[in-house]
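Protein chains get the first letters and strands the later ones, always in sequence-line order, with residue 1 at the start of each. Please read these numbers as outputs of a predicted model, since none were measured by experiment.
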Amino acid sequence: DAGVTQSPTHLIKTRGQQVTLRCSPKSGHDTVSWYQQALGQGPQFIFQYYEEEERQRGNFPDRFSGHQFPNYSSELNVNALLLGDSALYLCASSLGGDAAFGSGTRLTVV
Amino acid sequence: AQSVTQLGSHVSVSEGALVLLRCNYSSSVPPYLFWYVQYPNQGLQLLLKYTSAATLVKGINGFEAEFKKSETSFHLTKPSAHMSDAAEYFCAVSDRRGTGRRALTFGSGTRLQVQP
C-alpha cells in the first residue's frame, strides 16, 4: 500500500519563475493538504482540497494556487517565485481522519 | 485562532534518560492536539494524538503525552531515550469543528539530541 508520494524530491528555480509540485495521496484518501516548511520552522498550512475544490486556505498570497484531479492527486503551483519561497513543501492526505504526510519536495529559489 | 508554543528549540539527553518536550497551546475552542516526529529528509510521522478521550495519551515508540487543560499544555515524554529517538518533534493543534478535514497549526519544533 503506497503512502503519499511527492514529485520531484528536489528542484532549483530562479526568482520570477513558476513551479508545479505534485502529490499522489495514500490509497483511499480523498483530501489533500499542502504545507510549507521553511528551514528551522514548523510546517505552515497553505491550502486543502477535496472534491476537486479548495476548501480551506492559510495565510498565503494568491501566487500559491492548486488543483485536485478526479483521481484525488493534487498539484501546487507557485508563480513569480521569491527567494523566500525556498522551503520543503509537504503534502498530506486524509479521509477525514489522521493525515499521512509525504516526504516533501525541497524547493530552492536562487 | 489557534497557536502552539514549543519551549526549547533544542533538547539534549543521555541515552536512557527521561525525555521531556514541552508544548503549550492556545485555542478558542476545544482542541485536538498532536505530536509528530520528523527524521532528516523525511515527512512527518504521527506519534500520538489527543481527541478528548483519556487525558494521558500513549503513542508509538514508547512516547506518551498528557493533556492538561488548566495549564494549556500537552508535553511529550518518554521514560528512557534511545539513540533512534534523535529527530525533530512538532506539536500541532487543530479545532474540532468540521467534517474531520482539519488544518493543522504546528509549533516551531524541538530538535532532540541523544548522547551515548
Exercise for review: Tell me the residues of residues 12-22 of chain A whose non-hydrogen atoms fall below 4.5 Å from those of chain B, in number order.
Suggested key: none
Practice item. Determine whether V114(B) and I60(B) fall in the same hydrophobic cluster, where Ile, Leu, Val, Met, Phe, Trp and Tyr are linked whenever their side-chain heavy atoms lie under 4.5 Å apart. Key: yes
Check your understanding: Mind checking whether Y36(B) and L7(B) sit in one hydrophobic cluster, side chains of I, L, V, M, F, W, Y counted as touching below 4.5 Å?
Key -> no
Check your understanding: Contact part of Q41(A) toward chain B, heavy-atom cut-off under 4.5 Å: side chain, backbone, both or neither?
Key -> backbone
Point to revise | Neighbourhood of chain B inside residues 98-105 of chain A, taking heavy atoms under 4.5 Å as contact | key: D98(A), A99(A), F101(A), G102(A), S103(A)
Point to revise | Distance-minimising heavy-atom pair for F90(B) and G42(A) | key: CE2-CA, 3.4 Å
Point to revise | Distance (rounded to the nearest 0.5 Å) between Y35(A) OH and L44(B) CG | key: 9.0 Å
Review point. Which atoms of Q38(B) come close to chain A, meaning under 4.5 Å heavy atom to heavy atom: side chain ones, backbone ones, both, or neither?
Key: side chain
Check your understanding: What distance separates N41(B) CG from H10(A) NE2, expressed to the nearest 0.5 Å?
Key -> 6.0 Å
Point to revise | W35(B) with L56(B), same ILVMFWY side-chain cluster at under 4.5 Å | key: no
**Study point:** Same apolar cluster (I L V M F W Y, side chains within < 4.5 Å links), L112(B)/F74(B)
**Key:** yes
Review point. Does a sphere of radius 6.0 Å around CG in N71(A) hold more than 12 heavy atoms from other residues, nucleotides or ligands, not counting ones at 6.0 Å or beyond?
Key: yes
Practice item. Would you mind checking which part of Q37(A) comes under 4.5 Å of any heavy atom in chain B, side chain (CB onward), backbone (N, CA, C, O), both or neither? Key: side chain
Check your understanding: Do other residues, nucleotides or ligands put more than 12 heavy atoms under 6.0 Å from Y72(A) OH?
Key -> no
Review point. Among residues 14-22 of chain B, which ones touch chain A with a heavy-atom distance under 4.5 Å?
Key: none
Exercise for review: Could you look at L46(B) and say if it's the side chain, the backbone, both or neither that has a heavy atom under 4.5 Å from chain A?
Suggested key: side chain
**Study point:** Same cluster (ILVMFWY, side-chain, under 4.5 Å), Y89(B) and M83(B)
**Key:** yes
Review point. Can we call the ring centroids of F106(B) and F45(A) under 6.0 Å apart?
Key: no
Point to revise | F47(A): partners by side-chain contact (heavy atoms from CB on, under 4.5 Å), with sequence neighbours left out | key: W34(A), Y49(A), E54(A), R57(A), F64(A), L76(A)
